[in-house]
Peer 1: 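Sharing a structure below in structure tokens format, with a few things to ask.
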2 protein chains.
Amino acid sequence: MKITEYNETKIQVALDCIIFGFDQEQLKLLLIKRDFEPEKGKWSLMGGFLKAKESLDEAAVRVLHSLTGLSHVYMEQLSAFGGVNRDPVERTVSIAYYALINIQEHNHELSNDFGAKWFDVEDLPHLIFDHMDMVQEAISRLRYKASVKPVGFELLPEKFTMRQLQKLYEAIHGRKIDKRNFVKKINSMDLLIKQNEKDKNSSKKGSFLYKFDKTKYNRKSENGFTFGI
Amino acid sequence: MKITEYNETKIQVALDCIIFGFDQEQLKLLLIKRDFEPEKGKWSLMGGFLKAKESLDEAAVRVLHSLTGLSHVYMEQLSAFGGVNRDPVERTVSIAYYALINIQEHNHELSNDFGAKWFDVEDLPHLIFDHMDMVQEAISRLRYKASVKPVGFELLPEKFTMRQLQKLYEAIHGRKIDKRNFVKKINSMDLLIKQNEKDKNSSKKGSFLYKFDKTKYNRKSENGFTFGI
DNA sequence: CCAAAAGTGTTTATGATACACCCATGA
DNA sequence: TCATGGGTGTATCATAAACACTTTTGG
């Protein structure tokens, strides 16, 4: 069979967002209690439908904003999910996106009008449709991405301690890391700016705060440097 | 804005296949001369539209088969492309897939009724729409995938020489590899079965043929082994 | 003064890279 | 016999991993 003309089958296209956060100990996902049928009252990813005049990326940003109030966050497409019966009501192809949120600095935007709640990724409730598959794929993508690009910083406050950074990577990869080796590795990349302040929340001694130097990272990237943790 | 009900905007969903082959020297892409408007007569990826009762994966297999005659080949989803004006005729979201073809063993299936032609990836013609973006993404995905999973073997005949395997990886990664180091690395994974035959096409001495041992790979994978080149 | 987390170097092991010669064969 | 590609090992270098003690300070 040859395709010789445009065909008339149109399908509903949805977007679903896997929203990651980090609470200084664990990787978290932001889920919402679905308030329409089917599966009303069940936990779900943030989702919505694609409109005729917006790109997928624009739609993902809109959906995220409309359901959480969040904007200006890191988002990236994961992939498309298109099983025939994934949505029992109507054939729907869903494009999954994942977002990385700095919980501390965005929590005020995140009004709880929406019934959204953070869950530990290790302890998720039952999710509707194929959302758990999306989550699995998102975690595996995040693991890869965070090890080759500095996206992890999106999950931290602007200023963070070495210990927070290490705990973040431990949470993402699901294993302990030796702190001396970790600090050595981070320092060898020379991408952090040490602040003259300490965070005293986690110890009496206090630990130095750092910022990620994005400008330096971009400059180094152009010269063949590749991030790696 | 809260989403409270299913919405009526439906959109045409397409599939496009980036088909990789390897001719013992270069990575190739199979392209087709588009025989319908718009852009009739221009080179294009293999594409088609999603039907109501097939999954994305099924549709990709069908599209590939209908345009090339190929079946039972390695295929994997890349991602969705959804710019508003990517198709000038009608709003279309396209899900890109890439396929890995063993040219030698599939060339007989690949009837040339379809006007398909192999192009060197380093020397592609102008492609319609955003197909070049899809190709770029596919190459970069293939580089990653081939370095962490044994998908490269999909591009080779069942029996192949070390030299062919090396040239394949050189083509995928776009750089020369030292043959002693390459052989050492391959042998250290212990995944190939040396045949008692030689391929005499490329030299008078002839070079030994090998098969990839998929069973052994699966067994080792279950025990924590990870492929890596 | 002591509990709790911060900070810091060295040694060892492993894997990556660089490098050159002999072999087999058909023409 | 010689031109062509096939096959092989060792030494060096770089990165990763293992590992333990001292410092600071608020309570």
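Quick note on labels: first sequence line is chain A, next is B, and so on, each numbered from 1.
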Peer 1: Between the base of C/dA24 and the side chain of B/Lys205, is one N or O donor paired with an acceptor at under 3.5 angstrom?
Peer 2: no

Peer 1: Looking only at side-chain atoms of A/Asn181, point me to the closest of D/dG6, D/dC19, D/dT25.
Peer 2: D/dC19

Peer 1: A/Phe182 CZ to C/dG9 P: how many Å, rounded?
Peer 2: 18 Å

Peer 1: How many angstroms lie between OG1 in A/Thr161 and NZ in A/Lys200, if you round to the nearest 0.5 Å?
Peer 2: 14.0 Å

Peer 1: Is any side-chain N or O of B/Lys184 under 3.5 Å from a base N or O of D/dT10, one able to act as donor and the other as acceptor?
Peer 2: yes

Peer 1: Within this structure, what is the CG-to-C1' distance between B/Asp178 and C/dG15, rounded to whole angstrom?
Peer 2: 15 Å

Peer 1: Does the D/dG7 base have a donor-acceptor partner in the side chain of B/Lys179 within less than 3.5 Å?
Peer 2: yes

Peer 1: Over all heavy atoms of both residues, which pair between B/Trp118 and B/Gly21 is shortest? Give the atoms and the distance, please.
Peer 2: CZ3-N, 3.4 Å

Peer 1: Calculate the interatomic distance between A/Lys200 atom NZ and C/dA3 atom P; express it in whole Å.
Peer 2: 19 Å

Peer 1: Tell me whether the side-chain N/O atoms of A/Ser202 come closer than 4.0 Å to OP1 or OP2 in C/dA4.
Peer 2: no

Peer 1: Just to be sure I understand the rule, does A/Lys185 reach a base, reach only the sugar-phosphate, or reach nothing, if contact means heavy atoms closer than 4.0 Å?
Peer 2: sugar-phosphate

Peer 1: Could you tell me the separation between the CZ atom of A/Arg180 and the P atom of C/dT8, rounded to a whole number of Å?
Peer 2: 13 Å

Peer 1: Might you confirm whether atom CG of A/Asn196 has over 12 heavy atoms from other residues, nucleotides or ligands at distances under 6.0 Å?
Peer 2: no

Peer 1: Could you check whether B/Lys198 makes a cation-pi contact with B/Phe208, meaning its NZ or CZ is under 6.0 Å from the centre of the six-membered ring and within 45° of the ring axis?
Peer 2: yes

Peer 1: What integer distance in Å separates B/Glu197:CD from D/dG6:C1'?
Peer 2: 17 Å

